[in-house]
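So the structure is just underneath, and the comments pick up after that.
Order of the sequence lines fixes the chain letters, A, B, ..., with proteins taken first and strands second; residue numbering starts at 1 for each chain.
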Amino acid sequence: MTTITPVRARFAPSPTGHVHLGSARTALYDYLIAKQTGGQFILRIEDTDRKRLVEGAEEELINSLHWLGIDWDEGPGKDGPYGPYRQSERKEIYQKYARELIEKDAAYYCFCTPERLSQVRQEMQKNKLPPHYDGFCRHLSKAEAEARVKAGEPHVIRFKSPKEGTTVVKDLLRGEITFENATLDDFILVKSDGWALYHLAAIVDDHLMKITHVIRGSEWLPTSPLHHLIWNALGWQEPEWVHLSVFLKPSGKGKMSKREAADLSNDGYSIFIKDLEDLGYLPEAVINWVALMGWSYDDHTEFFTLNDLVEKFSLDRLNPSPAAINFSKLDYFNKEHIKALGNEDLAARIQPFFIKAGYHADLGDLIKITPVIKERITTLDDSVEMCAFLFKDAISHDKEALIIKDKTREETLRFGSDSLEILESVSVWEPAVLEAKFTAYMEAQGLTPRELLSFLREAISGQRVTPPLFECMQVLGKERTIQRLKEALTLI
RNA sequence: GCCCCCAUCGUCUAGUGGCCCAGGACACGGCCCUCUCAAGGCCAAAACAGCGGUUCGAAUCCGCUUGGGGGCACCA
């Protein structure tokens, strides 16, 4: 590592939908590199396309970032020296620089109608050429163009891409990438409604906001030469470019489509941060998981907290190849991070899931069960299914399961009433005491734990799967445990 | 069609010319432990896409092929 200079990194989403894994990872890396160098992480809303805005998307975006624990130093709700941080509030700024580009002859007015443009595109495709603009307005005289603009003729502003030579883009993890200028298009910089497009707006903002590193998806690679050219045309020093690889669907074949995203939810998974939260994943786990998709620390360390990552992340250990999303690995990380949680913390996190399921579980009770469930649940939501019986007023039984395997109804009844007596005789209601009593009883009767305890489990919980039996009895309390066993015995 | 990117076990990856007949993790299978479910322990199976170079030596460097991915909007 050379001398560390503070990095100013920005996460610049457009509020057009849910925050997904890809953007979460980009935001994370931005945040990490900024924090690690003592720099700033900036959140900028790219909302210049007024038609695509989605109601509530910005709010969800902010919530998701907060949930993940990624906080910004400058951005909406947190003013800084380079605001405003919403592009919709910066329209005039972009127009100023668009004019500058025209004056420098690096851009030109174009009066072609959308109809003509699509016609040109079709023509190009028919001739097996890249579907680019044909340059119809590129050579209009400045005087004529200005006159038509003044006359109020609808127009856009296009960048004047060089036609010869090559443009080299330097990417931090891919090295130098060379593009033939002949393959470049004359991109639109400002639309006919006066709003700047990403290509102009992002560059102007990155410059004005003194961004030093731009981390973005590799889908931007094809337009990166244009961006390089615009930076140059404006006479500015461009930032470091980092083009991250895309995420592939779990099969590894192709990008996640709308349809596949929907199919995922049938399996209890999702690529959207909001859903992951609802599903019972920990932000710690999502962060850990997503950080490792495209980055690694060494050949064996996998468990990282956000703070670990701030300390250990580095751009030079990024991996340029696309990564397939692996949800079973997320499950694994979720288990690991749940196990790492303190009992009070875990209890507070599972409580909303109980409440959502209609159980009035109070924190005190939940804290009692967290030690025994923390290594048995994959998601926070799993705790509800596993422990619901503790919070129900009445439970129902599967009568079949109430007969001890390979024993008769009469035998079961006898073991059941003996158990009842044992329970009633216990004065110190603790797992160790209960276990000692029952172990002695089972030995005397020649019963295996599997036989008796499975029966008791069904009797007091109505479930086949629960946390360890004696712990369950403890949380249930002596009275309710006895009550439930009595009820069960009447059903045999 | 054109441009660009990528290429190690099923998946995420380690590996920057000899330490590699390739290491870790998840998932999968088996065994042990075990009151259910987990957790834990042990074991197994599993990869350098192909072909040419360069080199004393290549997973590592170069080229080609193949495969995969991304882009080609008055979206970002």
(request) Report yes if at least one side-chain N or O of A:Lys255 is closer than 4.0 Å to OP1 or OP2 of B:rG71; otherwise report no. (result) yes
(request) With heavy atoms under 4.0 Å as the rule, sort A:Ser14 into base, sugar-phosphate or nothing. (result) sugar-phosphate
(request) Verify, without hydrogens or angle tests, whether A:Asn181 (side chain) and A:Pro162 (backbone) share a donor-acceptor contact under 3.5 angstrom. (result) no
(request) Mark yes or no for a side-chain to base donor-acceptor pair under 3.5 Å between A:Lys329 and B:rA27, with no hydrogen or angle criteria applied. (result) no
(request) Examine the base of B:rC74 for any acceptor or donor lying under 3.5 Å from a partner atom in the side chain of A:Ser192, and report the outcome as yes or no. (result) yes
(request) Between B:rA22 and B:rU60, how far apart are the P atoms? Round to whole Å, please. (result) 15 Å
(message) Mind checking if A:Phe187 touches a base, just sugar-phosphate, or nothing, with heavy atoms under 4.0 Å?
(response) nothing
(message) Please confirm whether the shortest side-chain N or O distance from A:Arg317 to OP1 or OP2 of B:rG15 is below 4.0 Å.
(response) yes
(request) Go through B:rC72, B:rC6, B:rA39 for me and flag the one nearest to the A:Arg174 side chain. (result) B:rC6
(message) Applying a 4.0 Å non-hydrogen cut-off, can you work out what A:Thr178 is touching in the nucleic acid: base, sugar-phosphate, or nothing?
(response) sugar-phosphate
(request) Could you tell me the separation between the CG atom of A:Leu469 and the P atom of B:rC35, rounded to a whole number of Å? (result) 11 Å
(message) In whole Å, I'd like the distance from the CG atom of A:Leu221 to the C1' atom of B:rC72.
(response) 13 Å
(request) Would you mind classifying the nucleic acid contact of A:Trp220 as base, sugar-phosphate or nothing, using non-hydrogen atoms under 4.0 angstrom? (result) base
(message) Rounding to an integer number of Å, can you tell me how far A:Phe247 CZ sits from B:rC6 C1'?
(response) 15 Å
(request) Mind calculating the distance between CH2 (A:Trp295) and C1' (B:rA25) to the nearest angstrom? (result) 14 Å
(message) Tell me the interatomic distance from A:Glu180, atom CD, to B:rG1, atom C1', rounded to whole angstroms.
(response) 17 Å
(message) Measuring only the P atom in each nucleotide, how far is B:rG67 from B:rC26? A whole number of Å is fine.
(response) 35 Å
(request) Would you mind classifying the nucleic acid contact of A:Lys191 as base, sugar-phosphate or nothing, using non-hydrogen atoms under 4.0 angstrom? (result) base
(request) Provide, to the nearest angstrom, the distance between the CG atom belonging to A:Asn319 and the C1' atom belonging to B:rC12. (result) 9 Å
(request) Pick the P atom in B:rU16 and in B:rG10, then give their distance to the nearest Å. (result) 23 Å
(request) Between B:rG63 and B:rA7, how far apart are the C1' atoms? Round to whole Å, please. (result) 16 Å
(request) Pick the C1' atom in B:rC48 and in B:rG23, then give their distance to the nearest Å. (result) 13 Å
(request) Examine A:Phe354 together with A:Phe391 and report whether their ring centres are nearer than 6.0 Å. (result) yes
(request) Identify whether any heavy atom of A:Pro131 sits under 4.0 Å from a base atom; if not, whether one sits that close to sugar-phosphate; answer base, sugar-phosphate or nothing. (result) base
(request) Quickly work out the A:Lys374 NZ to B:rC37 P distance and round it to whole Å. (result) 22 Å
(message) If we ignore hydrogens and angles and just use 3.5 Å, is the side chain of A:Arg216 paired with the main-chain N or O of A:His243 as donor and acceptor?
(response) no
(message) Over all strands shown, is A:Arg457 touching base, sugar-phosphate only, or nothing at heavy-atom distances under 4.0 angstrom?
(response) base
(message) Taking the six-membered ring for Trp, are A:His20 and A:Phe247 closer than 6.0 Å centroid to centroid?
(response) no
(request) Mind checking A:Cys387 for me? I need base, sugar-phosphate or nothing, with any heavy atom below 4.0 Å counting as a touch. (result) nothing
(message) Once you apply a heavy-atom cut-off of 4.0 Å, does A:Gly217 come out as touching a base, just sugar-phosphate, or nothing?
(response) nothing
(request) Hey, which sits more toward the 5' end of RNA chain B by its nearest nucleotide, A:Lys253 or A:Phe179? (result) A:Phe179
(message) Quick check on the 6.0 Å ring-centre criterion: do A:Phe327 and A:Trp289 meet it?
(response) yes
(request) Please check if any side-chain donor atom of A:Tyr297 sits under 3.5 Å from a side-chain acceptor atom of A:Asp308, or the reverse. (result) no
(request) Between B:rA27, B:rU36, B:rC4, spot the one nearest the side chain of A:Ile177, thanks. (result) B:rC4
(request) Figure out the OH/P separation between A:Tyr198 and B:rC74, and round it to whole Å. (result) 17 Å
(request) Determine the contact category for A:His132: base if any of its heavy atoms lies under 4.0 Å from a base atom, sugar-phosphate if only primed atoms, P, OP1 or OP2 are that close, otherwise nothing. (result) sugar-phosphate
(request) Consider only side-chain N and O atoms of A:Tyr94 and A:Asp205, and report whether a donor and an acceptor are under 3.5 Å apart. (result) yes
(request) Could you check whether A:Pro468 gets within reach of a base, just the sugar-phosphate, or nothing at all, counting any heavy atom under 4.0 Å? (result) base
(request) Kindly state whether the ring of A:Trp220 and the ring of A:Tyr198 have centres lying under 6.0 angstrom apart. (result) yes
(message) What contact category does A:Thr48 fall into here, base, sugar-phosphate, or nothing, at under 4.0 angstrom with non-hydrogen atoms?
(response) sugar-phosphate
(message) Just to be sure I understand the rule, does A:Ile373 reach a base, reach only the sugar-phosphate, or reach nothing, if contact means heavy atoms closer than 4.0 Å?
(response) nothing
(request) Tell me what A:Asn326 touches on the nucleic acid: a base, only sugar-phosphate, or nothing, going by heavy atoms under 4.0 Å. (result) base
(message) Quick check: on RNA chain B, is the nucleotide nearest A:Asp193 upstream (toward 5') of the one nearest A:Lys339, or the reverse? Name the residue that is more 5'.
(response) A:Lys339
